[in-house]
*Asks:* 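Take a look at this one; I'll ask things after.
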Amino acid sequence: MHDALTVALLGFFLGMRHATDPDHVVAVTTIVARHRSRTGGALIGAVWGVGHTLTILVVGAGIVLLGWVIPPRVGLGLELAVGIMLVALGLATLSDRPGLRVTAAPGGHDHEPVHVHAHPHGDYVHTHAHRHEPESHPHAPHQTPLARLDRRLGALGAYRLVRPLVVGIVHGLAGSAAVALLVLATIPDPRWAMLYLLVFGIGTIAGMMLVTAGLAWPFASAGARLPAMQHGLRVAAGLLSIGLGVLVAYRIGVVDGLFGASPAWTPR
């Protein structure tokens, strides 16, 4: 009983710490940037954690129970996938940001109270000329790109969750070998080792839920009060993701020698 409690506590808290790795946080930030509530952010973290945990368990079981050996080039290739994914997420965040599109002002006389500023329609933030007193917009609130996408795909229910699930799986592929090898070295009993991996995954889910709920707060606050600030936060998240992805790719491809004759892989 004492051993089980020790393994559970150790695995859970190390899993929570694992969720705060920089590449994990940066990747989910690009996804959370589109959500305007901490509840939605926490859900993104939970889905990411499920994908990560599934991969940890599958690959970990292969290493712990079946004796899989991960060749250095394969291990480095999986880690390189994380760098490529970070760049892709960053580019998607920059290109997918709610447009700052300006349309011609109706009317056309200087004395008319027509002006331009950023404003939200639900999750969509953009600019165009419009009036106040009375409020006048050139489109209905539900006629925005994101609203149309929601109407088309909303029936699928889980379409918003595909991205964090895939990101979690890729992160799990890159890190599962290191976790499993560490567990195998310290917990020789396969049953205890698999229990540790399971609890580690649960801790990762809990930790990422806390991280993403916290990350969602500034985006939600900025979106509700200062749409231009939310736009800036999204751009910053995208650029940070691209920068970190390029650094990871350079380290894996050049420093660790993935593209060379003798790659050197140290599972992290």
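Along the sequence shown, residues are numbered consecutively beginning with 1. Only a predicted model underlies this, so the values are computations on that prediction, with no experimental measurement involved.
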*Asks:* If you look at every heavy atom in Ser241 and Gly90, which pair is closest and at what distance?
*Replies:*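 Where Ser241 meets Gly90 most closely, the heavy atoms are OG-N, 3.6 Å.
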
*Asks:* So, does Thr53 use its side chain to make a donor-acceptor pair with the main chain of Gly201 at under 3.5 Å?
*Replies:* yes

*Asks:* Would you say the side chain of Glu79 lies within less than 4.5 Å of the side chain of Arg251, judging by non-hydrogen atoms?
*Replies:*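 In contact.
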
*Asks:* Checking Arg163 side chain against Ile31 main chain: does a donor-acceptor pair fall under 3.5 Å?
*Replies:*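 It does not hold such a pair.
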
*Asks:* Is there a side-chain contact between Thr20 and Val211 in this structure, where contact means two heavy atoms from C-beta onward sitting under 4.5 Å apart?
*Replies:* yes

*Asks:* Is the shortest side-chain heavy-atom distance between Trp265 and Asp256 below 4.5 Å?
*Replies:* no

*Asks:* Are side-chain heavy atoms of Ile242 and Leu94 found at a separation under 4.5 Å?
*Replies:*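 Ile242 vs Leu94: side chains touch.
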
*Asks:* Run Leu14 and Tyr196 through side chain to side chain contact (heavy atoms under 4.5 Å, CB included) and show every step you take.
*Replies:* CA-CA 10 Å; Leu14 286 180; Tyr196 175 91; 3.1 Å; yes

*Asks:* About how many Å separate OG1 of Thr39 and CD1 of Ile44, when rounded to the nearest 0.5 Å?
*Replies:*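 Atom-to-atom, Ile44:CD1 and Thr39:OG1 are 12.0 Å apart.
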
*Asks:* Shared ILVMFWY cluster between Phe200 and Val58, side chains joined below 4.5 angstrom?
*Replies:* no

*Asks:* If hydrophobic clusters are built from ILVMFWY residues whose side chains come within less than 4.5 Å, do Val69 and Val64 share one?
*Replies:* no

*Asks:* Between His171 and Trp48, do the side chains contain a donor N or O and an acceptor N or O under 3.5 Å apart?
*Replies:*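 There is such a pair between these side chains.
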
*Asks:* Determine the minimum heavy-atom distance between Ile56 and Ser176, stating which atoms define it.
*Replies:* CD1-CA, 3.4 Å

*Asks:* Please report the interatomic distance CG(Leu215) to CE(Met208), rounded to the nearest 0.5 Å.
*Replies:* 8.5 Å

*Asks:* State the CD1-OG1 distance between Ile169 and Thr55, to the nearest 0.5 angstrom.
*Replies:*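 These two atoms lie 5.0 Å from each other.
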
*Asks:* Measure the spacing between CG of Leu86 and CG of Leu91 and express it to the nearest 0.5 Å.
*Replies:*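 Here the interatomic distance stands at 11.0 Å.
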
*Asks:* Would you check if the side chain of Asp21 reaches a backbone N or O of Asp23 as a donor-acceptor pair within less than 3.5 Å?
*Replies:*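 Such a contact is absent between Asp21 side chain and Asp23 backbone.
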
*Asks:* With clusters defined by side-chain heavy atoms of hydrophobic residues (ILVMFWY) lying less than 4.5 Å apart, directly or transitively, does Ile252 cluster with Phe259?
*Replies:* yes

*Asks:* Please round to the nearest 0.5 Å and tell me the distance separating atom CG of Leu197 and atom CD1 of Ile202.
*Replies:*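 One finds 11.5 Å between CG of Leu197 and CD1 of Ile202.
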
*Asks:* Report yes or no: do Trp68 and Met194 belong to one cluster of Ile/Leu/Val/Met/Phe/Trp/Tyr joined by side chain heavy-atom distances under 4.5 Å?
*Replies:*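 Trp68 and Met194: one cluster.
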
*Asks:* Please report the shortest heavy-atom distance between Thr204 and His52, naming the atom on each side.
*Replies:*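 Answer, listing the atom of Thr204 first, then His52: CG2-ND1, 4.0 Å.
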
*Asks:* Taking a hydrophobic cluster as the set of Ile, Leu, Val, Met, Phe, Trp and Tyr residues connected by side-chain heavy atoms closer than 4.5 Å, whether directly or through intermediates, do Val74 and Ile63 fall within one such cluster?
*Replies:* yes

*Asks:* Nearest heavy-atom pair of Pro263 and Pro72: which atoms, and what distance?
*Replies:* O-CB, 4.2 Å

*Asks:* Less than 4.5 Å apart, side chain to side chain, heavy atoms only: is that true for Leu76 and Leu80?
*Replies:*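 No, side chains not in contact.
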
*Asks:* Could you grab the distance from atom CG of Leu165 to atom CG of Leu54, nearest 0.5 Å is fine?
*Replies:*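 Output value for this atom pair is 7.5 Å.
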
*Asks:* So, for Ala177 and Val59, which heavy atoms are closest and what is the spacing to 0.1 Å?
*Replies:* N-CG1, 4.5 Å

*Asks:* Would you say Thr29 and Leu240 make side-chain contact, with heavy atoms under 4.5 Å?
*Replies:* no

*Asks:* So which heavy atom on His18 is nearest to which on His24, and how close?
*Replies:* O-ND1, 3.0 Å

